[in-house]
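The structure appears below as structure tokens.
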Amino acid sequence: MRLSWDKYFLAMAKLAASRSGCNSRPTGAVIVFNHRILATGYNGSLPGQPQCTDDGDKYCLRRLTLPDDSGSIKYQECRSIHAEQNAINQMAMQSSEIPFGSILYCTLEPCIICLKNIASVGIREVIFELEYESNDKKRDSFWKDKFKEYGINARQVTLSNEDKDLIIEIMLYKTSTRRL
């Protein structure tokens with residue numbers, strides 16, 4: 001049994017999320033073109049800055065000190081760069097162009113800010129594991145309509161229990177030893 005391409009790259013995004021420095025919602029992203037990984041990203045602080053996880057599992061300035069209805073100010077108070085932005089930034093740091101029509105795989109449906117960045121660099125498909133949900137349903141539905149407006153195909157893909165079992169088996173198995 002092999003994972004489909006979509007599930008393979010989604011699993012890679014989940015692996016990228018293991019590097020996250022966010023206590024609230026660890027996320028990962030992978031930019032792909034022609035079945036080749038161009039960059040990965042995860043949410044976390046700026047390079048060289050403390051991660052939220054460095055301050056203990058009860059630290060999250062955004063979640064623990066601001067009320068749920070504080071809206072966009074929460075983004076201003078957050079230490080982290082989103083996984084999607086981080087992957088795009090990795091391409092810029094390499095002085096590499098993101099080919100038009102690339103695909104972004106991410107563990108969480110992108111927010112409106114990331115969606116604008118994604119659209120502006122020519123990514124035309126976003127495949128995500130979990131839908132973005134917040135307490136502001138009006139705002140959530142507003143930006144979900146923006147995918148089509150910005151010319152981006154978005155779809156949800158999830159890993160089945162069988163897919164996860166396969167991944168765990170491979171992770172536990174000494175992959176360079178003979179099977180037969």
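This is a predicted model, so every value here is computed, not measured. What's counted below: heavy atoms across the whole structure, side chains too, no hydrogens, waters or symmetry copies.
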[X] [atom1] to [Y] [atom2] distance, which is reported to the nearest 0.5 Å:
X    : Y    : atom1 : atom2 : result
I170 : R2   : CD1   : CZ    : 11.5 Å
Q90  : I98  : CD    : CD1   : 11.0 Å
K164 : I168 : NZ    : CD1   : 8.5 Å
E125 : N153 : CD    : CG    : 4.5 Å
L10  : L15  : CG    : CG    : 11.5 Å

Side-chain heavy-atom pair [X], [Y] within 4.5 angstrom cut-off:
X    : Y    : answer
F128 : R155 : no
C22  : S80  : yes
Q156 : E131 : yes
E129 : V157 : no
I123 : I152 : no
D163 : L166 : no
E97  : M91  : no
H82  : N86  : no

Is [Y] reachable from [X] through a run of I, L, V, M, F, W or Y residues, each pair having side-chain heavy atoms under 4.5 Å apart?
X    : Y    : result
M171 : Y8   : yes
I167 : I127 : yes
Y42  : L108 : no
F100 : I118 : no

Donor + acceptor pair across side chains of E162, S160 (<3.5 Å)
yes

One pair to check against side-chain contact (heavy atoms from CB on, under 4.5 Å): R124 and I103. What are the steps and the verdict?
CA-CA 6 Å; R124 288 296 170 251; I103 301 172; over 6 Å; no

Grab the two heavy atoms, one from [X] and one from [Y], that are nearest each other, plus how far apart they are.
X   : Y   : result
S20 : P26 : OG-CA, 3.4 Å
A87 : A39 : O-CB, 3.6 Å
Q51 : G21 : OE1-CA, 3.1 Å

Please say whether the positively charged group of R25, taken as NZ for Lys or CZ for Arg, lies over the ring of Y132, i.e. under 6.0 angstrom from the six-membered ring centre and within 45 degrees of the axis.
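So R25 does make the cation-pi contact.
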
Give the C-alpha distance, both sets of side-chain angles, the deciding distance and a yes or no for side-chain contact (heavy atoms from CB on, under 4.5 Å) between T107 and L130.
CA-CA 6 Å; T107 58; L130 298 173; over 6 Å; no

As a quick check of understanding, evaluate side-chain contact (heavy atoms from CB on, under 4.5 Å) for L46 and I81, giving each step before the final call.
CA-CA 7 Å; L46 294 171; I81 299 169; 3.3 Å; yes

Derivation of the side-chain contact (heavy atoms from CB on, under 4.5 Å) call for K14 and F9:
CA-CA 9 Å; K14 290 176 76 68; F9 292 123; over 6 Å; no

Quiz: residues 27-38 side-chain donor-acceptor pairs under 3.5 angstrom, not counting sequence neighbours:
{"residue": "T27", "atom": "OG1", "partner": "N43", "partner atom": "OD1", "Å": "3.3"}

